[in-house]
Structure formats: structure tokens, C-alpha cells
Amino acid sequence: MTIFTRRQFAAGVALLPLLAGSGRAQTALPKMTVAKDPSCNCCGSWTKYLRANGFVVDVVERTDMGRIKAGLGVPEALQSCHTAEIGGYVVEGHVPADAIRRLLSEKPRAIGIAVGGMPQSAPGMDVPGASDIYDVTLFGPSLQKRYARYRGLREVAN
């Protein structure tokens with residue numbers, strides 16, 4: 001049996017808040033599940049980008065992506081190549097990590113957010129020199145509005 005001195009015990013107790021805080025920081029983001037077609041390469045690049053930005057991502061390869069998107073309520077005009085679920089929201093397409101964090105923080109009444117199509121400067125597209133501006137759209141059953149505007153990974157003025 002190990003006997004601790006009062007000083008050792010006090011030092012250990014003093015460290016507990018720091019240890020507890022570091023555990024919360026690692027679990028602050030809920031796990032994300034991404035459904036993607038097995039033949040899509042940019043989806044893999046997007047999930048790699050998200051992991052590098054602190055997200056825990058599970059990937060499920062599916063060949064019925066149209067059915068998945070329809071079942072989750074993604075409007076046809078906002079559809080892209082992959083569909084994710086995180087924290088009770090849908091994330092469609094090449095959405096930047098900052099926009100997902102904002103969604104999870106603000107918790108708006110919506111189904112989710114989307115970057116429709118495949119903008120060349122969006123995360124995961126990795127097209128050298130691309131600098132197009134694209135919108136992140138907040139959507140719901142009777143809602144579609146701009147949530148953020150980006151050029152590459154940088155948010156620009158709405």
C-alpha cells in the first residue's frame with residue numbers, strides 16, 4: 001500500500017480541476033457521422049480536414065445518397081456529395097469547420113446547414129488557386145437563408 005504525505009495529497013487534489021478541464025476540452029464536440037459514396041474522393045478530403053480541426057468523424061459509405069438526403073430533409077437545391085449528422089443537425093456538403101462550430105454553439109431552429117454544389121475553394125475540394133465565394137445556408141422545413149459567406153476557409157462579410 002502506498003502512503004502519501006499531506007503535501008503529496010494536496011498537490012494531487014490541486015491538479016484535479018486541470019485534469020477535469022482537459023477532458024472536457026477533448027469531448028466538447030459531439031461525434032459526426034458522414035455518409036458518402038464510396039467512389040467520392042473529395043468527401044475523404046473533407047473528413048480529413050474536419051479531423052484536423054478537432055472533430056471526431058465516423059464515415060459510412062453508402063450508394064443510396066439521394067434517399068439519405070431526402071430522408072434528412074436536405075432541399076434538392078442545397079445538395080452536395082456527402083451528408084453528415086452532428087449534434088442533432090444535418091451538415092450537407094463542404095461546410096467549413098467554423099460554421100459547424102457556430103451551428104452547434106448557437107443551436108438555431110433548423111434542420112441544418114449546407115454548402116450546395118461543390119465550390120472549388122471550399123474545404124475538401126483542394127483546388128489550387130481557387131478563390132470563389134460561397135454561402136453556407138441554414139435550412140429547415142420552411143427556411144433557407146444565408147448563415148455565413150466564405151472565400152476558402154475564411155469567412156467574409158455577408
Side-chain angles (χ1 to χ4, degrees), residues 8-38 40-62 65 68-69 71-75 78-127 130 132-158:
Q8 288 170 325
F9 180 78
V13 170
L15 289 174
L16 285 176
L18 296 174
L19 295 174
S22 67
R24 277 194 304 272
Q26 292 174 356
T27 59
L29 293 170
K31 185 188 298 186
M32 177 184 282
T33 302
V34 177
K36 72 175 223 48
D37 188 279
C40 186
N41 291 326
C42 67
C43 300
S45 294
W46 185 68
T47 58
K48 187 183 292 185
Y49 155 79
L50 288 175
R51 287 179 178 130
N53 280 276
F55 288 84
V56 175
V57 181
D58 284 341
V59 177
V60 179
E61 294 192 342
R62 302 286 299 260
M65 291 302 298
I68 290 169
K69 293 170 191 308
L72 292 172
V74 179
L78 296 178
Q79 292 183 7
S80 184
C81 52
H82 52 265
T83 304
E85 294 177 82
I86 184 170
Y89 290 101
V90 174
V91 177
E92 177 70 13
H94 293 268
V95 177
D98 289 345
I100 300 169
R101 280 192 190 89
R102 178 179 161 205
L103 174 76
L104 295 172
S105 170
E106 292 179 351
K107 297 180 181 7
R109 283 187 168 225
I111 291 174
I113 55 177
V115 170
M118 299 171 74
Q120 294 186 351
S121 70
M125 290 303 293
D126 305 326
V127 176
D132 52 334
I133 293 176
Y134 59 93
D135 290 335
V136 176
T137 303
L138 183 70
F139 68 91
S142 59
L143 166 74
Q144 278 190 40
K145 72 175 189 174
R146 182 184 301 144
Y147 191 61
R149 179 169 268 187
Y150 282 81
R151 180 186 305 269
L153 301 177
R154 195 170 52 90
E155 189 169 1
V156 296
N158 266 331

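In this chain, residues are counted from 1 in sequence order.
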Quick one, [X] and [Y] - any side-chain contact, counting heavy atoms below 4.5 Å?
{"X": "Leu78", "Y": "Gln144", "answer": "yes"}
{"X": "Ile133", "Y": "Arg149", "answer": "yes"}
{"X": "Val34", "Y": "Met32", "answer": "yes"}
{"X": "Cys40", "Y": "Pro38", "answer": "no"}
{"X": "Pro96", "Y": "Tyr134", "answer": "yes"}

Donor + acceptor pair across side chains of Thr83, Glu92 (<3.5 Å):
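On atom types as modelled, these side chains qualify, holding a pair under 3.5 Å.
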Between [X] and [Y], what is the shortest heavy-atom contact and its length?
{"X": "Thr47", "Y": "Gly44", "value": "OG1-O, 2.9 Å"}
{"X": "Met118", "Y": "Cys42", "value": "CE-SG, 3.3 Å"}
{"X": "Pro108", "Y": "Tyr89", "value": "O-OH, 2.7 Å"}
{"X": "Ala99", "Y": "Tyr150", "value": "N-OH, 3.4 Å"}

What's the separation between atom [atom1] in [X] and atom [atom2] in [Y], rounded to the nearest 0.5 Å?
{"X": "Leu143", "Y": "Ile111", "atom1": "CG", "atom2": "CD1", "result": "8.5 Å"}
{"X": "Ser105", "Y": "Asp98", "atom1": "OG", "atom2": "CG", "result": "11.5 Å"}
{"X": "Phe55", "Y": "Arg101", "atom1": "CZ", "atom2": "CZ", "result": "4.5 Å"}
{"X": "Leu138", "Y": "Lys145", "atom1": "CG", "atom2": "NZ", "result": "6.5 Å"}
{"X": "Ile113", "Y": "Phe139", "atom1": "CD1", "atom2": "CZ", "result": "8.5 Å"}

Donor-acceptor contact present, side-chain [X] to main-chain [Y], <3.5 Å:
{"X": "Asp132", "Y": "Ser121", "answer": "yes"}
{"X": "Arg102", "Y": "Ala97", "answer": "no"}
{"X": "Gln79", "Y": "Val74", "answer": "yes"}

Geometric class of the His94/His82 ring pair [parallel <30°, tilted 30-60°, perpendicular >60°]
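Rings of His82 and His94: perpendicular, as their planes differ by over 60°.
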Criterion side-chain hydrogen bond (donor to acceptor under 3.5 Å, both in side chains) on Asp58 and Thr33, from CA distance to verdict:
CA-CA 5 Å; Asp58 284 341; Thr33 302; 4.8 Å; no
Pair Lys36, Val59 - check side-chain contact (heavy atoms from CB on, under 4.5 Å), show working.
CA-CA 7 Å; Lys36 72 175 223 48; Val59 177; 3.8 Å; yes
Test log, rule side-chain contact (heavy atoms from CB on, under 4.5 Å), inputs Ile86 and Ile100
CA-CA 9 Å; Ile86 184 170; Ile100 300 169; 4.3 Å; yes
Please indicate whether Asp37 has more than 12 foreign heavy atoms, meaning atoms of other residues, nucleotides or ligands, lying under 6.0 Å from its CG.
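Yes, CG of Asp37 has more than 12 neighbouring heavy atoms, counting only those of other groups under 6.0 Å.
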